[in-house]
Colleague: 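Got a structure for you, questions after.
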Amino acid sequence: MSVLFDSQLLDHGWTFRDANDDKPEAWLPVSKLPSVVHLDLLDNDLIPDPFVGLNEQKVEWVSHRDWVYRTSFPTPVSRSPDTRHSLVFEGLDTFATVTLNGTVILQSDNMFIPHRTDITDAVLSHASEPNVLEILFESPVRRGREVVKSHPEHRYIAHQTEVGRLGARKAAYHWGWDWGPILVTSGPWRPIRLETYPGRIEDLWMQSTVSEDLSSCSGALHVQTEPPSAGRVRFELRDQGTIAFEADIDVDTDGKAEVGFELDNPVLWYPHGYGTPKRYELVAKLFKGNILLHEASKKVGFRRAELVQEKDEQGQSFYFRINNIDVFASGSNWIPGESFLPRLTEERYRDWLKLMIEGNQNMIRIWGGGVFEPEVFYETCDALGILVWQDFLFACASYPTYPEYLKSVEQEARANVKLLRHHPSIVIYAGNNEDYQIQQTYNLTYDYDTDKDPNSWLKSSFPARYIYEYLLPKLVEEECPGLPYHPSSPWGGGKHTTDPTIGDIHQWDIWHGTMQPYQNLPSMGGRFVSEFGMEAYPHMHTIDSFIDNSDEKYLQSLTMDFHNKARDHERRLGSYILQNFRIKQDFKSYLYLSQLAQSETMTFAYRSWRRDWGQARDRRCGGVLVWQLNDCWPTISWAVVDYYLIKKPAFYAIARASQPLAIGVSRTYHEWVSGHARPPTASRLDVWVASSRLTSVSATVEIHYISIATGKDVKSPFILHNLEINPNGTTDILTEPLDYTQSPYTEPIVIYVTLIVGNKIISRDMDWPQPLKYLNLKDRGVTVEYLGDKSAIRVTAAKPTKGIVFEERPGLWLEDNGIDVVPGDEWVIAVTGIKGAEGVPRWTYLEDDRV
């Protein structure tokens, strides 16, 4: 610990009130900071829970009011003549005016910019009585609309609710999205601290380059001090307590100290599944004479991170190479995990990200309509080896570029890149989410090939190009030299954003767009699919949490519709269910069918697009990121895990398809929904194995052809022994024509494949005739048995069974769910959170007569 640096959280003793109510009794207690006004109104029983019923509408008035927060603190003790005192505001949401003892000390209109304000003179002149700190938060809705009106020179276009959100540098999702409520917050959403010091380390960072052969690492360690007083800095790089590098450097007159370093055979940071995410501790100690003024430390990692975009026969590749290893990105998109961000604890962040590892995922994309997440998010990604794709915070709009706005954007971006640049998990920044789709939809000016003058972009009808293609890449290169930058997601170098041959794509012709059958997904991929998805209902626990009227617990109730914000959700989800499954009218059956549709979508996507990973120098698809991992409130959405961290069956489908060794099987898909439905007469069978292992593996593959009606093999299994599975790529196992007019293929069959390594089945897959609604799947002979000695559930079936789903709830953990079972193949699924056989959760399967 440092001797003279002191940091005190100002997290208690606050009160708040409506800014227009100046009566003494209007001040109400704040339980703890950080907070936002909705949480404090909830704590004081002044608003209903916005997550329940239709209450979201009942609290809309909150965002149209101004609010004041107040606290007091004694003048801190000065331990030396040159002691300084500062207030640190890590985040003020959003239009904030801060006064100290009646004097304005800070004004902010950007939720994402942290502020530090020197208050030394103010508190020393007020030493005999408490210092009063007040923060006025003006209505973000009113102020955002006023800003838009004050700059009529720009054409404001904003998908998802209103253009007023473009007048505020604030999390876009607060204005509502097609998965989230309209809850426009205000308040001190991140910590506020009082710091006292004669000198401090303002910033500590490292710039490093790992050699091409990975045998060495060189770079520089940097410190910026404040104030820029004389002193020296002791740098240390520690590898598990052992000092790998150290140096003492004098601080220059600008408050900077830096030193070059070189390490031989550094321990490198690897993503999950490809190595160990090893890190070093970087420590800096600021001394004046022999007195330790301040100490700062960060965990850092050394890795080579490349975005490989090379011309090839399919167009141009798009995949990540970490430490000379091509890495297939199997992962998710992340939205903010709460409508009221201060409610997200560090433990909850860790629990969310641990799910990524449980689900065999190695990349998370932080979507541009949210926030730069707190340190714990990226620290956990570092520790777990999760690659981070970080969007800058622009989403689904045409943003303005007037001078004050550009200045704020630069401050915001630079401040946050500086805060995040020590994290080895961050491997790419992208300029925005889908803003180039706005450009295309509204035919805004964009001449990529010939107009290379950034100043001319500012005068066009799409001026934000200046931000995405000039300002942000310049800033990233200045603060994080060499880190990959991508102008947008999706983006393909000036080509249409849906072009599958270049860049990344958002594949929304499933669900949105042309509403293609999910069985078409194998042919709908791209060089990197950074968004796609399918909606599904959560489990009943989550639905029960937001239904406040038992009369509303039916499929088409107002409350159910209100908690699904997606446009045309009933028609779209209903279409996918109707096209694929036999319909039952009861609530739980429809819930189940929605989950099965989502799970099937994930299977078709991850299984087939991972197959397109191919081999070195032939990477047809570099990654798949589902929209979305999580929810910000209890809802019906595309999330594969709901607000309460309850996993839907789709989560497990992704996990199975993303195993280090995953076998896949498919038959040629025959479209039936456009008319003249008839069964196909022939098809083609493909079997393959996808591997992320870095060495080859010897395995056995078994292929079974099983009658759906009887559960018997229609012909002898095809078994291949001693197959060599290629490392880090795809191995094609079998391609076979199927003639449905000839025995044994004249009856409906499932094709069941297993991958066996060391006499153990490590991966299974199954191909079913499509659509499933044409099949008779009743009377499957399913048995479910609790194995107390193993804390597991054993599942068997007498006939091929589709989609066995156990109903999940908080406190219950299942190793797998949403499984298909064939005769002779028992599943033993580890389980915790149940007490004996009577605790086995409710379960069902497709065409289960018990429902």
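Since we're looking at a predicted model, the values are computed, not measured. Below, each value reflects all heavy atoms present in this structure, side chains not excepted, and no hydrogens, waters or symmetry copies. The first residue of the sequence shown is numbered 1, and numbering continues consecutively from there.
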Colleague: If we only count heavy atoms from C-beta on, is the T445 to D451 side-chain gap below 4.5 Å?
Modeller: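 Side-chain contact under 4.5 Å: no.
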Colleague: For the backbone of S692 and the side chain of N728, can you confirm whether one donor and one acceptor N or O come within less than 3.5 Å of each other?
Modeller: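 Checking the backbone N and O of S692 against the side chain of N728, no donor-acceptor pair under 3.5 Å is found.
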Colleague: Taking C-beta and beyond as the side chain, do M534 and I510 meet within less than 4.5 Å on heavy atoms?
Modeller: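 M534 reaches I510 side chain to side chain.
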Colleague: Got W389 and I366 here, is their nearest side-chain heavy-atom distance under 4.5 Å?
Modeller: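 Of all side-chain heavy-atom pairs linking I366 with W389, none is under 4.5 Å.
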Colleague: Keeping the roles fixed (side chain from N416, backbone from F112), state whether a donor-acceptor pair exists under 3.5 Å.
Modeller: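 The answer is yes, because a donor-acceptor pair under 3.5 Å joins these two groups.
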Colleague: Can you name the closest pair of heavy atoms from V327 and Y274 and give their distance?
Modeller: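 Between these two residues, the closest heavy atoms are CG1-CE1, 3.6 Å.
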Colleague: Using the ring centroid of each side chain, check whether F328 and Y319 are separated by less than 6.0 Å.
Modeller: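 Between Y319 and F328, which both carry aromatic rings, the centre distance is not below 6.0 Å.
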Colleague: For a quick test of reading the model, state the closest non-hydrogen atom pair linking W457 to R465 and the distance between them.
Modeller: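 Distance-wise, the nearest heavy atoms are NE1-NH1, 3.1 Å.
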Colleague: For the pair F528 and F320, name the ring-plane relationship: parallel under 30°, tilted 30 to 60°, perpendicular over 60°.
Modeller: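 Perpendicular: the ring planes of F528 and F320 meet at over 60°.
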Colleague: Considering all heavy atoms of both residues, which atom of N333 and which atom of L625 are nearest to each other, and what is their separation?
Modeller: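 The answer is ND2-O, 3.3 Å.
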Colleague: Working to the nearest 0.5 Å, report the span between OH of Y399 and CD1 of I467.
Modeller: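 It comes to 9.0 Å.
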Colleague: Between D326 and R321, does any side-chain N to carboxylate O distance fall below 4.0 Å?
Modeller: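 Yes, charged N to carboxylate O under 4.0 Å.
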Colleague: Which pair of non-hydrogen atoms, one from T735 and one from D686, has the smallest distance, and what is that distance?
Modeller: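 Closest approach of T735 to D686: OG1-OD1, 2.9 Å.
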Colleague: Using a strict 4.0 Å threshold on nitrogen-to-oxygen distance, state whether D312 and R527 make a salt bridge.
Modeller: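 The answer is yes: the pair qualifies as a salt bridge.
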Colleague: Show your working on salt bridge (charged side-chain N to carboxylate O under 4.0 Å, His left out) between D612 and R610 and close with a plain yes or no.
Modeller: CA-CA 5 Å; D612 287 341; R610 188 182 179 196; over 6 Å; no
Colleague: Using side chain to side chain donor-acceptor pair (under 3.5 Å) as the criterion, list what pairs up with E535, not counting sequence neighbours.
Modeller: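 Partners of E535 under the side chain to side chain donor-acceptor pair (under 3.5 Å) test: N564.
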Colleague: Are R572 and R567 packed together at the side-chain level, in the sense that at least one heavy-atom pair is separated by less than 4.5 angstrom?
Modeller: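 They are in contact (side-chain heavy atoms under 4.5 Å apart), so the answer is yes.
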Colleague: Please assess D732 against R611 for the test salt bridge (charged side-chain N to carboxylate O under 4.0 Å, His left out), listing each intermediate value before the final yes or no.
Modeller: CA-CA 9 Å; D732 291 326; R611 182 187 184 187; 3.6 Å; yes
Colleague: Measure from the side-chain N and O atoms of N323 to the backbone N and O of R304, and report whether any donor-acceptor pair falls under 3.5 Å.
Modeller: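 Yes; at least one donor-acceptor contact below 3.5 Å.
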Colleague: Answer whether the closest heavy-atom distance between the side chains of N580 and Q519 falls below 4.5 Å.
Modeller: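 Yes; the side chains approach each other to less than 4.5 Å.
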Colleague: Rounded to the nearest 0.5 Å, what's the gap from CG on L738 to CD1 on I751? Could you check?
Modeller: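 Answer for the CG-CD1 pair, L738 versus I751, is 5.0 Å.
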Colleague: Calculate, to the nearest 0.5 Å, the distance between atoms OH and CG belonging to Y606 and L521 respectively.
Modeller: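 Rounded to the nearest 0.5 Å, the OH-CG separation comes out at 11.5 Å.
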Colleague: Kindly compute the distance separating CD1 (I725) from OG (S691), expressed to the nearest 0.5 Å.
Modeller: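 If I round to the nearest 0.5 Å, the distance is 7.5 Å.
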Colleague: Knowing that exactly one of W638, W367, W508 qualifies, which makes a side-chain hydrogen bond (donor to acceptor under 3.5 Å, both in side chains) with E531?
Modeller: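 Single side-chain hydrogen bond (donor to acceptor under 3.5 Å, both in side chains) partner of E531 among W638, W367, W508: W508.
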Colleague: Are any of the side-chain heavy atoms of Y173 and P336 separated by less than 4.5 Å?
Modeller: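 They are in side-chain contact.
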Colleague: Backbone N or O of S425 within a donor-acceptor pair of the H423 side chain at under 3.5 Å?
Modeller: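 Side chain of H423 to backbone of S425: no pair is present.
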Colleague: Please say whether the positively charged group of R607, taken as NZ for Lys or CZ for Arg, lies over the ring of F604, i.e. under 6.0 angstrom from the six-membered ring centre and within 45 degrees of the axis.
Modeller: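 The answer is yes; both the distance and angle limits are met.
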Colleague: Ignoring hydrogens, what is the shortest heavy-atom contact between F318 and I428? Give both atom names and the distance.
Modeller: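 Heavy atoms of F318 and I428 come nearest at CZ-CD1, 4.4 Å.
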Colleague: Quick one: does any side-chain atom of D509 pair with a main-chain N or O of T514 as donor and acceptor, under 3.5 Å?
Modeller: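 It does hold such a pair.
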Colleague: Is a side-chain N or O of T441 found less than 3.5 angstrom from the main chain of I438, in a donor-acceptor match?
Modeller: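 Not a single qualifying donor-acceptor pair exists.
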Colleague: With rounding to the nearest 0.5 angstrom, report the CZ to OG distance, R667 to S683.
Modeller: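 Reported to 0.5 Å precision, the distance equals 6.5 Å.
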Colleague: Hey, could you give me the CD1/CD1 distance between I386 and I364, rounded to the nearest 0.5 Å?
Modeller: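 Answer rounded to 0.5 Å: 6.5 Å.
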Colleague: Test side-chain hydrogen bond (donor to acceptor under 3.5 Å, both in side chains) on N360 and S658; report intermediate values, then the result.
Modeller: CA-CA 6 Å; N360 296 317; S658 302; over 6 Å; no
Colleague: Please check if the side chain of N432 supplies one atom and the backbone of F394 the other of a donor-acceptor pair under 3.5 Å.
Modeller: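 It does not hold such a pair.
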Colleague: Heavy atoms only: give me the nearest V476-L483 pair and the separation to one decimal.
Modeller: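 Answer, listing the atom of V476 first, then L483: CG1-O, 4.1 Å.
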Colleague: Is the centre of the W334 ring less than 6.0 Å from the centre of the F377 ring?
Modeller: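 They qualify: ring centres under 6.0 Å apart.
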Colleague: Give a yes or no answer on whether the side chain of R365 reaches the backbone of S332 with a donor-acceptor pair at less than 3.5 Å.
Modeller: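 No.
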Colleague: Evaluate the criterion side chain to side chain contact (heavy atoms under 4.5 Å, CB included) for residue pair M206 and H422; output intermediate values, then yes/no.
Modeller: CA-CA 7 Å; M206 174 186 74; H422 64 286; over 6 Å; no
Colleague: Start with the C-alpha distance between E373 and Y349, add both sets of side-chain angles, then the distance that settles side-chain hydrogen bond (donor to acceptor under 3.5 Å, both in side chains), and finish with yes or no.
Modeller: CA-CA 10 Å; E373 295 294 339; Y349 272 117; 2.7 Å; yes
Colleague: Is the ring pair W491/Y436 parallel, tilted or perpendicular, if the boundaries are 30 and 60 degrees?
Modeller: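 Taking Y436 first and then W491, their aromatic rings stand perpendicular (interplane angle over 60°).
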Colleague: Output yes when D816 and R656 qualify as a salt bridge under the 4.0 Å nitrogen-oxygen rule, no when they do not.
Modeller: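 R656 and D816: salt-bridged.
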Colleague: Could you go through Y468 and D435, starting from their C-alpha distance and side-chain angles, then the distance that decides it, and tell me whether this counts as side-chain hydrogen bond (donor to acceptor under 3.5 Å, both in side chains)?
Modeller: CA-CA 10 Å; Y468 311 141; D435 288 2; 2.5 Å; yes
Colleague: Could you check whether K648 makes a cation-pi contact with Y652, meaning its NZ or CZ is under 6.0 Å from the centre of the six-membered ring and within 45° of the ring axis?
Modeller: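 No.
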Colleague: Using the six-membered ring of W269, assess whether NZ or CZ of R279 lies under 6.0 Å from its centre and within 45 degrees of the ring axis.
Modeller: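 Output no; distance or angle outside limits.
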Colleague: Given side chains that start at C-beta, do those of D765 and V753 come closer than 4.5 Å, heavy atoms only?
Modeller: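 Yes - at least one pair of side-chain heavy atoms lies under 4.5 Å apart.
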Colleague: Would you call the rings of W672 and Y669 parallel, tilted or perpendicular, taking 30° and 60° as the class edges?
Modeller: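 Ring orientation of W672 relative to Y669: perpendicular.
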Colleague: Quick check: are there more than 12 heavy atoms from other residues, nucleotides or ligands sitting under 6.0 Å from CD of E478?
Modeller: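 Yes, the 6.0 Å shell around CD holds more than 12 heavy atoms from other groups.
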Colleague: Determine whether a donor-acceptor pair (N or O, by modelled atom type, separation under 3.5 Å) exists between the side chain of Q207 and the backbone of P481.
Modeller: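 Side chain of Q207 to backbone of P481: no pair is present.
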Colleague: For a 4.5 angstrom cut-off between non-hydrogen side-chain atoms, does D382 reach P424?
Modeller: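 Contact flag for D382/P424 side chains = yes.
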Colleague: Of the options W609, W511, W627, which is the one that meets F532 in a ring-ring contact (aromatic ring centres under 6.0 Å, His included)?
Modeller: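 Among the candidates, only W609 passes.
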Colleague: For E310 and R617, run salt bridge (charged side-chain N to carboxylate O under 4.0 Å, His left out): C-alpha distance rounded to whole Å, both residues' side-chain angles, the deciding distance at 0.1 Å, then the answer.
Modeller: CA-CA 9 Å; E310 298 173 339; R617 294 175 296 280; over 6 Å; no
Colleague: Could you walk me through whether H506 and T497 pass the side-chain hydrogen bond (donor to acceptor under 3.5 Å, both in side chains) check?
Modeller: CA-CA 8 Å; H506 293 182; T497 56; over 6 Å; no
Colleague: Does N726 reach the main-chain N or O of S696 with its side chain, forming a donor-acceptor pair under 3.5 Å?
Modeller: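 No, N726 side chain to S696 backbone: no donor-acceptor pair under 3.5 Å.
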Colleague: Run the salt-bridge test on E736 and R684 with the 4.0 Å N-O cut-off and return the result as yes or no.
Modeller: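 Between R684 and E736 there is no salt bridge, as every charged N stays at least 4.0 Å from the carboxylate O atoms.
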